[in-house]
Number of protein chains: 4
Amino acid sequence: MEKLGRKRSEKSRDAVLQATRELVTESGFTHVTIEKIAARAHVGKPTIYRWWQSKNAILAECVLGGEVLPAVDETSASEIHTSASEWFRAVLGYVDENAALLRGLVAAAYEDPEIAAQLRAHLGDPIEAALIEWAGGAGRETPLAGELSPHALAQLLFGAILYRLAPTLGATDASDVEMFDVLIARLHTQ
Amino acid sequence: MEKLGRKRSEKSRDAVLQATRELVTESGFTHVTIEKIAARAHVGKPTIYRWWQSKNAILAECVLGGEVLPAVDETSASEIHTSASEWFRAVLGYVDENAALLRGLVAAAYEDPEIAAQLRAHLGDPIEAALIEWAGGAGRETPLAGELSPHALAQLLFGAILYRLAPTLGATDASDVEMFDVLIARLHTQ
Amino acid sequence: MEKLGRKRSEKSRDAVLQATRELVTESGFTHVTIEKIAARAHVGKPTIYRWWQSKNAILAECVLGGEVLPAVDETSASEIHTSASEWFRAVLGYVDENAALLRGLVAAAYEDPEIAAQLRAHLGDPIEAALIEWAGGAGRETPLAGELSPHALAQLLFGAILYRLAPTLGATDASDVEMFDVLIARLHTQ
Amino acid sequence: MEKLGRKRSEKSRDAVLQATRELVTESGFTHVTIEKIAARAHVGKPTIYRWWQSKNAILAECVLGGEVLPAVDETSASEIHTSASEWFRAVLGYVDENAALLRGLVAAAYEDPEIAAQLRAHLGDPIEAALIEWAGGAGRETPLAGELSPHALAQLLFGAILYRLAPTLGATDASDVEMFDVLIARLHTQ
DNA sequence: ATCTAAGCGAGACGGTACGTCAAGTCTTGTT
DNA sequence: AACAAGACTTGACGTACCGTCTCGCTTAGAT
């Protein structure tokens, strides 16, 4: 038995995501409503509810929809610090570009574990994986005596991103990158 | 010209704060409404709007109302690490005790700069002040070569608290304390 | 361009009007609130505000919604008095049957010209038209010397209805009909 | 035991009545609130509630407070029509001067029997008494065959006043006076 | 000449209803 | 069967007034 009826309209999907991006950027996630999204996207509300569970889910798909973070290149040990530093700069670049959207998503994550899980999957886990890779693979996951494990360092970096995203709290200057450079240096020192 | 009219009812004030604490703990900040607070506190809605600007403001007063963080004791240099470690443990204890309320407050901070400023004033600034104190006073505020400044370290610790508060993201285990111990060791090492 | 979307629910419309009729009869128009109407009719407040401008407008539609007054039969000149007397008795019957609703509507008319206009259109104008018909048509509209014009008589009868509706003021006995009989006799005398 | 404490402040009383008169004239009785009266009169709300039962009661005292209608002069029979006509003109003059206040009072009367009773006592009863006087005293109260009794005529005139007060409904022209002249002529004819 | 009880302006209180906004569901007709 | 449009019930919003209740402060007869 094959499926009957019309296929899902990609045009509507894209219009919804685009409208959401615009509205969040313009007025902040709090002031975005499903009704405004539907109106801006020329889409019926039932269409939205058919495909997304909540306003949070639309936002998550906006931010984390495609490929989010760059892959880690395999590099020689001598270039690790340079490569890692560049990689984290790219991460921060992505964060800054999507600051308004991510801010809303982070706010949502504090009340909705589902969103928190998606944030972890698309942001936290890749960071930790990259650090483990640089630290020398899974075998080195256990914390070094008196030093930070890749896991702990990932937490720290994720926290730094959360801090940077908070309005007023975090400046958007380069201090985070320098912090990271100092910390990453600890990873391999001995 | 003296103050005329009836005085503000402290009973109502306390009832509102207590009701908010209960409701946030029971169902999460998102599901708390002004109407439910008013009903639970046996208080009229206008009374709430007379004294608080928003639901966020009530929450902020709940969490940050009294004395929040312990003061830093003056200690001898030899005891710095012990003392700092204990102090940060106390901070985390406060955070864990008020986790549900703080989670809501952090979520609000991501959309409301006013709340963000209060969070910084009551949590971030005391942490930074303590670190500066331990680092040897204002004269040592500038970052040490290859090390973390007290300011950067405060950002890192605040970020760690944000991470710990996020549902699913942060575990409530002792790892943050250990992270802190490692980092604080860097402050004075040279 | 055709009409899109869902049609207006006649069920809701009828429920609102019925609930209003009941509530006005039970407790008087002053104590009727939109919220009570909505609750009794099991209808949302926005639905009410979508279709009616005010509480007054709902009441007006309740009272003046359908066919209000009986038409005037064409009758031979000899039967005019009998016929007119019967017709006015029917008018008073309608007034008495809807006394509670009309009382509220009249009260509203004194503060809201819109309601006053509707009252005139559905009650005053038909009365005047009937009197003109009995007086011999439009050609006889001008006042007879020393007598009452149909227009003046209509004002008098409308005033008598207002008086009868006022609580305490007007008795609900038959005196109005007799007054009318005396007055109508003046219309055609000579 | 005599009364202790301060006497009622006549200044406050007058200020309340004056403020009410102004507010009703400016915006209509519906939009007048106790709070606005208190503010305009520089008077506390409890002072108002201490002396008046309701907003209606304040209005009633505004309109019907002093001497309302002129007394009927004793006149010779030959001058009755002239005298009665002048008297009713004076009544209509009073009505027109206080139209805005009376309109509110009439609206209130339709929902509040207390107000209706006051209206009858200060307006309806004097009219009926005057008509009885002109008709030749109490002995002539019974209706004349085929004519209107003074009681019926009083109802008619009161109704005409109600009609004249209603917005849109009644014009403020002289037609009511002429109507009255025609009717009063019926009183004594035979 | 005090004392003291009531009246006073001001304004906060617990409530009720307002009119609006948005949520998520249901209906209608079109593609 | 999925779509755009839009009416539906529900429930919370923030505001306006209600009528009551403190607040200190007059004010004036009783002591």
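Letters go in sequence order (proteins before strands), and every chain restarts at 1.
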Side-chain-base donor-acceptor pair under 3.5 Å for B:R6 and E:dA12: yes
Under-4.0 Å side-chain N/O to phosphate OP1/OP2 contact, A:R50 with F:dA2: no
Euclidean distance, atom OH of residue C:Y49 to atom P of F:dC8 [Å, nearest integer]: 15 Å
Minimum heavy-atom distance between C:A108 and C:N56, given as atom pair plus value: CB-OD1, 3.3 Å
First encountered from the 5' end of DNA chain E, between A:T33 and C:K7: A:T33
Sugar-phosphate, base or nothing in reach of C:W51, heavy atoms under 4.0 Å: sugar-phosphate
Of D:P46 and C:P46, the one whose closest DNA chain F nucleotide lies more 5': C:P46
Any donor-acceptor N/O pair under 3.5 Å between F:dG6 base and A:K45 side chain: no
Whole-Å gap separating P (F:dA16) and CD1 (D:I37): 18 Å
Residue pair C:Y110 / D:L162: nearest heavy atoms and the distance that separates them: OH-O, 2.7 Å
Salt bridge A:E35-A:K45, side-chain N to carboxylate O under 4.0 Å: yes
Rounded interatomic separation in angstrom, taking CG from A:N56 and P from E:dA23: 12 Å
Heavy-atom neighbours of C:E61 CD exceed 12 at 6.0 Å: yes
Short side-chain N/O contact to F:dT10 OP1/OP2 from C:H42, under 4.0 Å: yes
Distance, rounded to the nearest Å, where A:I58 contributes CD1 and E:dA23 contributes P: 10 Å
Protein-nucleotide distance (C:E35, atom CD; F:dT10, atom C1'), rounded to Å: 12 Å
Residues A:R21, A:E26: salt bridge by 4.0 Å N-O rule: no
Phosphate contact (F:dA2 OP1 or OP2) by A:T47 side-chain N/O below 4.0 Å: no
5'-most by nearest nucleotide on DNA chain F - B:V32 or A:G44: A:G44
Between F:dT26 (P) and D:R8 (CZ): distance, integer Å: 22 Å
Atom-to-atom span, CZ of A:F29 to C1' of E:dA22 - whole angstrom: 14 Å
Below 4.0 Å: OP1/OP2 of E:dG14 and any side-chain N or O of B:S12: yes
Sugar-phosphate only, base, or nothing, as touched by C:S9 at under 4.0 Å among non-hydrogen atoms: sugar-phosphate
Whole-Å distance separating the CD1 atom of C:I34 from the P atom of E:dC18: 6 Å
